[in-house]
Every structure is written in C-alpha cells, then in structure tokens.
Visitor: 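First, the structure itself, so that you have it in front of you.
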Amino acid sequence: MKETSRQRLFYIFPVLYIISVYMAFISFFTESRISFIHYLAFTPFIFGILNIIMSARYCKPEYYNIMFNSCIIVKYCMVPFFIAGGFLVAGSLISGILLPMPPMFIVGFALAAILCIAGWLVLAFGSPYTISYLVLSCKTGKRSKGMAVLHSILQFFFTADVIDIIFLSFRDHKCVKASIIFIILLSISIIALILIILFALFEIIV
C-alpha cells in the first residue's frame with residue numbers, strides 16, 4: 001500500500017522524539033545560564049507520551065507499514081545514544097569503585113542507577129510504534145498473540161529490542177536494506193572501537 005502525503009507526516013513524531021533525546025543528552029553536559037536549556041532534559045518524556053498517544057490513535061491497518069518504519073527509525077537511530085549511555089554508566093561504576101573516598105562510592109553507584117533508569121524510560125517511550133505494529137500484525141493474522149506478546153516484551157530490554165527489530169525486519173521482509181546497512185555500520189563501529197581501545201592500552205603499556 002502506497003503511503004499518502006498525510007500518512008508520511010506521521011514520521012514527524014518519531015523524528016521529534018529522537019531529536020529530543022539527543023538534545024537532552026547534550027544538555028546534560030552543557031553549562032548554560034539560559035534556563036530553558038536545562039528543561040531539555042524533560043522533553044524526551046513529553047515526546048515519549050506523544051509517541052504512546054499517536055501509536056495508539058493510529059493503530060490502523062493503513063498505518064501498518066508506517067508503524068514498522070517508525071520503530072526502525074527510533075530503534076536504529078537511538079543505538080549511539082545507548083552506547084554512549086552505557087559508557088557513562090560503566091564510568092560511574094568504575095569511578096565509584098576505584099576512587100578511595102567513601103562518598104564517591106555512593107555517588108558513583110547512585111549516578112549509574114539514575115542513568116540506567118533514565119535510559120530505560122527512553123527505551124520504553126520509544127517502543128509504542130513497535131507494539132502497535134505487532135498488534136496490527138496480530139489482528140491481520142500475520143502473527144499469533146503469543147508471539148506478539150513475546151516480541152512486545154523484548155522491546156523493554158536493552159540490546160534485545162534492537163536484535164528483535166532486526167529479526168522482525170528479515171522475518172517480515174520489511175526495511176531489509178536498512179537493517180543490512182545498520183548491521184554493517186554497527187559492525188564497523190564496534191571493530192573501530194575495539195581497535196581504538198587496544199591502541200590506547202598498547203600506548204599505556206609501552
């Protein structure tokens with residue numbers, strides 16, 4: 001089914017959500033006297049609620065493909081954010097363990113816990129499009145209720161959600177090219193990151 005111009009406008013919502021998340025992430029490291037900069041940290045939750053509303057309102061057969069495209073946009077574009085967040089969590093834990101001062105242990109673990117909770121909320125608020133797609137696939141008989149529930153649950157776990165989206169992409173023959181490109185870029189990034197870490201360790205040892 002060909003998308004109409006009106007239906008394409010739906011993509012504004014997942015894109016706005018992604019932009020809000022990265023703006024909030026940047027504001028976390030920005031020192032500014034401009035008050036509204038600090039409020040950017042709350043925008044992902046506002047647009048996350050909008051995600052829930054829009055994915056529920058337009059959970060209709062004519063939006064079947066659009067829902068999957070939207071979940072692809074959100075899940076794949078959010079990977080760099082979660083990788084950076086993972087490093088921040090690891091850094092907080094390591095600093096809390098290595099630094100000898102007792103308060104730093106508490107601060108490090110508390111910061112790691114806060115980052116994990118915030119990250120999970122971002123993950124959860126980005127999942128409604130996938131769930132709407134699964135509901136529609138269930139209604140049209142393309143997927144059993146049990147499998148729809150299983151895939152929906154996986155959307156609330158780090159890493160498992162992206163792996164599941166890749167699986168759904170190949171399983172349902174949707175956005176296959178985008179998934180292949182994503183896998184290639186992710187693989188290159190991981191290899192490059194490993195090489196950088198090994199090079200840094202080599203420089204320290206030598």
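In this chain, numbering begins with 1 at the start of the sequence shown. Side-chain atoms are counted along with the backbone in the values below, which use heavy atoms only and exclude waters and symmetry mates.
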Visitor: Atom SG in Cys116, atom CG in Leu123: separation rounded to 0.5 Å?
Guide: 12.0 Å
Visitor: Could you tell me whether Phe82 and Phe87 have their ring centroids closer than 6.0 angstrom?
Guide: no
Visitor: Tell me, with the steps shown, if Tyr76 and Ser179 meet side-chain hydrogen bond (donor to acceptor under 3.5 Å, both in side chains).
Guide: CA-CA 9 Å; Tyr76 288 177; Ser179 295; 2.8 Å; yes
Visitor: Grouping I, L, V, M, F, W and Y whenever their side-chain heavy atoms are under 4.5 Å apart, do Ile53 and Leu9 come out in a common cluster?
Guide: yes
Visitor: Side-chain heavy atoms under 4.5 angstrom apart, residues restricted to Ile, Leu, Val, Met, Phe, Trp, Tyr: same cluster for Phe170 and Ile181?
Guide: no
Visitor: When the ring centroid of Phe125 is compared with that of Tyr17, is the distance short of 6.0 Å?
Guide: no
Visitor: Applying a strict under-4.5 Å side-chain criterion to I, L, V, M, F, W and Y, I'd like to know whether Phe42 and Ile26 cluster together.
Guide: no
Visitor: Flag the pair Tyr63 / Ser55 as yes when at least one side-chain heavy-atom distance between them is below 4.5 Å, and no otherwise.
Guide: no
Visitor: Does anything in residues 186-202 pair up under salt bridge (Lys or Arg N to Asp or Glu O under 4.0 Å), and if so which pairs, sequence neighbours excluded?
Guide: none
Visitor: Are Ile72 and Tyr11 connected into the same hydrophobic cluster when the rule is that any two of I, L, V, M, F, W, Y join if their side-chain heavy atoms are below 4.5 Å apart?
Guide: yes
Visitor: Start with the C-alpha gap between Tyr64 and Lys174, add the side-chain angles, then the distance that decides, and say whether side-chain contact (heavy atoms from CB on, under 4.5 Å) holds.
Guide: CA-CA 11 Å; Tyr64 180 68; Lys174 295 183 182 295; 3.5 Å; yes
Visitor: Please determine, by modelled atom types, if Thr43 and Ser20 share a side-chain donor-acceptor pair under 3.5 angstrom.
Guide: no
Visitor: For a quick check under 3.5 Å, do Lys75 and Ser127 share a side-chain donor-acceptor pair by atom type?
Guide: yes
Visitor: Are Phe13 and Phe47 close enough, and set up right, to give a ring-ring contact (aromatic ring centres under 6.0 Å, His included), and what steps lead you there?
Guide: CA-CA 8 Å; Phe13 302 106; Phe47 285 106; 8.9 Å; no
Visitor: Given Phe10 and Tyr129, is the ring-ring contact (aromatic ring centres under 6.0 Å, His included) satisfied, shown in steps?
Guide: CA-CA 11 Å; Phe10 187 86; Tyr129 300 117; 5.7 Å; yes
Visitor: Mind running side-chain contact (heavy atoms from CB on, under 4.5 Å) on Gln155 and Ile165 for me, showing each step along the way?
Guide: CA-CA 9 Å; Gln155 299 310 305; Ile165 290 299; 3.8 Å; yes
Visitor: For residues Phe182 and Lys177, determine if any side-chain heavy atom of one lies less than 4.5 Å from a side-chain heavy atom of the other.
Guide: no
Visitor: I need the minimum non-hydrogen distance between Asn51 and Gly126, along with the two atoms involved.
Guide: ND2-CA, 4.3 Å
Visitor: What is the distance from atom CD1 of Ile131 to atom OG of Ser152, rounded to the nearest 0.5 Å?
Guide: 5.0 Å
Visitor: In terms of heavy-atom contacts, does CZ of Arg8 have more than 12 from other residues, nucleotides or ligands at under 6.0 Å?
Guide: yes
Visitor: Are there over 12 heavy-atom neighbours, none belonging to Phe158, within less than 6.0 Å of that residue's CZ?
Guide: yes
Visitor: Do Phe68 and Leu168 come close enough that some side-chain heavy atom pair is under 4.5 Å?
Guide: yes
Visitor: Roughly how far, to the nearest 0.5 Å, is CD1 of Ile183 from CD1 of Ile188?
Guide: 12.0 Å
Visitor: With a 4.5 Å cut-off on side-chain heavy atoms, are Cys138 and Leu134 touching?
Guide: no
Visitor: Any Lys/Arg nitrogen of Arg143 or Asp172 sitting under 4.0 Å from an Asp/Glu carboxylate oxygen of the other?
Guide: yes
Visitor: Val74, Val176: one ILVMFWY side-chain cluster at the under-4.5 Å cut-off?
Guide: yes
Visitor: Mind telling me whether Phe156 and Trp120 have parallel, tilted or perpendicular rings, with 30° and 60° as the class edges?
Guide: tilted
Visitor: Please test Leu115 against Leu88 for side-chain contact (heavy atoms from CB on, under 4.5 Å), starting from the C-alpha separation and ending with a verdict.
Guide: CA-CA 8 Å; Leu115 289 173; Leu88 286 176; 3.9 Å; yes
